[in-house]
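These figures come from a predicted structure and were not determined experimentally.
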Amino acid sequence: MNLAPPNRSTPPAFLAWDSDISAAAVARQDGTPGWVSLVGDDVWWDEPRPHEAGRRCVVRAKPDGRVEDVLPPGFDARNSLHEYGGRSWRPTDAGLVFTHWNDQRIYLHHPDAQDPPRPLTPARRNVTYGDLYVPPSRDEVWAVRETRRDGVRDVERALVAVSLDTGAERTVAATHHFMTCPRLSPDGRHLSWIGWNHPDMPWDGTELCVAPLRQDGTAGTHRVRAGGPRESVVQAEWRDPHSLWAVTDPDGWWTLHVVPARTGPARPVTRAEEEFGGALWKPGATWFAPLPDGRAVAVHGTGAGRRVSLVDPDAGPAQPVLTDLRLPCTDFVHSIDADAHRLVTAGASTLLPYSVITADLPGTGAPGARDARVLSTSRTAPVDPAWLPSPTARAFPRPAATPIADDLGGPDAPVHAHTYPPTHPRRVTPHAGRPPWVLFVHGGPTGDHPMVYDLEIAYFTSRGIGVATVDYGGSVGYGRAYRERLNGAWGVVDVDDCVTVAHALVREGLADPGRIAIRGGSAGGWTALAALTHTDVFAGAVSFYGITDPVTWAATTHDFESRYLDGLIGPLPASAALYEQRSPVLAAPRASGPALLLHGLDDAIVDPAQSSAMARALQEAGLPHEHVEFPGERHGWRRAETIRAALDAEIRFYERIFGPPRGPAAETTGTTPPAAPAPRS
């Protein structure tokens, strides 16, 4: 059903703003660098290539500043471990070892030779590898091997070692349904890993395991050294042959600990109420890197403010445990590497796109110590900062008189959000004017929305639309208690928190109460549609590959998240009534406004049938909506043409529900007409 513009006698003064930020510019923004590594004097990382069919290419920066591709054209350093993918490449003495998306095999490539990459593992349709790790002094790569038997739910996983010479493969350990972070001790005598089982997710409870390494290269009997049913270890690295660093949360915050390898309790190194870790969505994620002298460098912080510090677990009483390294970023990717003299990570701020950053470590005697150097930024042409909004981190008080206030932290538990006002170098909000706003809802739902440079947000704010990104209860970055506010209450707490933010924007005179929309992807799509169908606050909702029917999603989604809803809503069939109460599909006739549904047809995490079911429900109720499907896209947009088409559809949707722009300024909005990949509507 096509959406018709509302009949408004006085069109708004917003949405007619012209903008230099086009959909094509957003699509050209390469996105976030991925895994990083120091390789001698070089720095290696991988980056997305939207204009190369969305592949990820490994590149290296030479000491003279030259940046060149390590991965040849046609190869894509990704894998489908847990469907979201794990660490996909590592440098070795022989070159680059990586997983190739097209066949999920492990390859070895000599970047300075003329030979093409050589496959190490056989071609098998039901096997993938991820979370690659190259143990020191061993001519092999370790990985998590995922074998699918009959369908997406019958899955076996194991830690395996693959010879870099012959490709011979052996199983090192197979102790848990999910395993990650294999590491070999410095003396080569022990190995460690992290494991967990259904129904836990890795942020619920995991176990740090240590075992002797037998002469045949397999693990002996293991001991659990940290973690448990209510403790989540998300990263562990060997500090010396007798102890490990670990990020775990026995006190409700992911903090650094030193863990004896054999016996004895873990010793907390940091005790501040801030996070030194995060949700382990992608196996191989790292939030700290150990140094040869027993110290470490670590990313830490809360909400909108994160930094990198040098960590000294043996600092004396008068010495700081943490020394801020003052990198020019407020958020960082989940990958960091370091050696005795320098570190590398990738980060962003409100004026700096996600970029690879390297810095010398203090106390090394190196010239320019602590000076950060930016090695990469987006390939997009620079945007005049005058077009970029200045966001504000907010903590909105929750009203006392809500059905869930008493059960979930009371009114003193605030809702965290970041607000981005409409921003234009030549236009201002009319006196006493209230612009339209859109609430951005992150996915996960165990995720967050960093407050950083984001051209997608600027695309809307430069057109006169305010944006608020909501870190609702359930988000990471604020401790376990805030994260677990969502337990048993998905579709209630997240919706209530978004309503709280919307009401606050109206109460403060920032937003027009009749022109607030909500949008989100995946779990964020669920929240957007639940808010549309269970409240009367929002004028419309946009869902990207969102969940609409929790019963069918729980029955059909991939293995990693197949028991996720046990904690978010409740186990089935006992909680079937709650699933029905919160289902956007079943509540579709009560929608408070139109919906835009967008979905990739190759999505293995949220079946496209979820959006189709919502479209049918709205159609049967006679309610306005638009449904667009993108062939070849999976869970998230990777191709430039899809990004353009989705943005174009979204801005047209807001023009319709907020009121059509008119006047001279409306003739050129700066939006480049998209070359859509034959979307099906």
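For the ring-ring contact (aromatic ring centres under 6.0 Å, His included) with His300, the lone residue among Phe288, Trp253, Phe276 that qualifies is Phe276.
Residues passing the salt bridge (Lys or Arg N to Asp or Glu O under 4.0 Å) test with Arg267, sequence neighbours excluded: Asp314. The side-chain contact (heavy atoms from CB on, under 4.5 Å) check on Pro117 picks up Pro72, Phe75, Phe98, Tyr107, His109, with sequence neighbours excluded. Here Asp204 pairs with nothing under the salt bridge (Lys or Arg N to Asp or Glu O under 4.0 Å) rule; sequence neighbours left out. Contacts of Arg582 classified as salt bridge (Lys or Arg N to Asp or Glu O under 4.0 Å), with partners at least two apart in sequence or in another chain: none. With sequence neighbours left out, the salt bridge (Lys or Arg N to Asp or Glu O under 4.0 Å) criterion links Asp46 to Arg56. By the side-chain contact (heavy atoms from CB on, under 4.5 Å) test, Pro116 pairs with no residue at all, sequence neighbours left out.
With His599 contributing its side chain and Arg634 its backbone, the two residues share no donor-acceptor pair below 3.5 Å. Gln235 places a side-chain N or O within 3.5 Å of a backbone atom of Trp287 that can act as its donor or acceptor partner. Panel note: side chain Arg225, backbone Arg262; a donor-acceptor pair is recorded below 3.5 Å. Judged by distance alone, with hydrogens and angles left aside, the side-chain atoms of Thr548 form no donor-acceptor pair with the main-chain N or O of Val585 at under 3.5 Å. Here the side chain of Arg60 pairs no donor or acceptor atom with the backbone of Asp42 at under 3.5 angstrom. Between the side chain of Asp471 and the backbone N or O of His449, at least one donor-acceptor pair lies under 3.5 Å.
With 3.5 Å as the limit, one finds a donor-acceptor pair spanning the side chains of Ser185 and Asp187. Side-chain contact annotation: Asp559 with His177, donor-acceptor N/O pair under 3.5 Å present. Checked by atom type, the side-chain pair Thr175/Trp193 shows a donor-acceptor distance below 3.5 Å. Between the side chains of Thr128 and Glu146, no donor N or O sits under 3.5 Å from an acceptor N or O. Thr552 and Gln610 share a side-chain donor-acceptor pair at under 3.5 Å. A donor and an acceptor atom, one from each side chain of Gln104 and Thr99, are nowhere located under 3.5 Å apart. Defined by atom type and a distance below 3.5 Å, a donor-acceptor pair is present between the side-chain atoms of His176 and Glu207.
Closest heavy-atom contact between Trp196 and Gly205: CB-O, 3.4 Å. Closest approach of Pro111 to Gly95, counting heavy atoms only: CD-CA, 3.9 Å. The minimum heavy-atom distance linking Ile569 with Pro550 is given by the pair CD1-CB, 4.2 Å.
Annotation for Arg170: atom CZ counts as buried by contact number, over 12 foreign heavy atoms lying within 6.0 Å. Applying the 6.0 Å contact sphere to CG of Asn102 captures more than 12 heavy atoms from other residues, nucleotides or ligands. The environment of NE2 in His110 is crowded: more than 12 heavy-atom neighbours from other residues, nucleotides or ligands sit within 6.0 Å.
The aromatic rings of His198 and Phe178 sit perpendicular, their planes meeting at an angle over 60°, well past the 30° parallel limit.
Arg78 and Asp76 are joined by a salt bridge, as a carboxylate oxygen and a charged side-chain nitrogen come within less than 4.0 angstrom of each other. For the pair Asp448 and Arg306, the salt-bridge criterion is met [side-chain N within less than 4.0 Å of a carboxylate O].
Residues His558 and Tyr84 bring their aromatic ring centres within 6.0 Å. Ring pair Trp203/Tyr564: centre-to-centre distance below 6.0 Å. Not less than 6.0 angstrom separates the ring centroid of His334 from the ring centroid of Trp281. Aromatic ring centres of Trp637 and Tyr545: separated by under 6.0 Å.
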Worksheet item: Do Glu169 and Arg124 pass the salt bridge (Lys or Arg N to Asp or Glu O under 4.0 Å) test, and can you show the C-alpha distance, the side-chain angles, and the key distance before you say yes or no?
Response: CA-CA 14 Å; Glu169 186 173 322; Arg124 291 172 289 185; 3.7 Å; yes
Item to complete: Quick one: do Glu237 and Arg239 satisfy salt bridge (Lys or Arg N to Asp or Glu O under 4.0 Å)? Show the steps, please.
Response: CA-CA 6 Å; Glu237 310 285 346; Arg239 184 176 182 230; over 6 Å; no
Worksheet entry | Chi angles and distances behind the salt bridge (Lys or Arg N to Asp or Glu O under 4.0 Å) call for Arg230, Glu484 | CA-CA 11 Å; Arg230 289 275 300 160; Glu484 292 187 345; 2.7 Å; yes
Worksheet item: What's the verdict on salt bridge (Lys or Arg N to Asp or Glu O under 4.0 Å) for Arg145 and Glu156, showing C-alpha distance, side-chain angles and the deciding distance?
Response: CA-CA 8 Å; Arg145 182 185 65 204; Glu156 294 180 356; over 6 Å; no
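Judged by the 6.0 Å and 45° rule, Arg483 forms no cation-pi pair with Tyr478.
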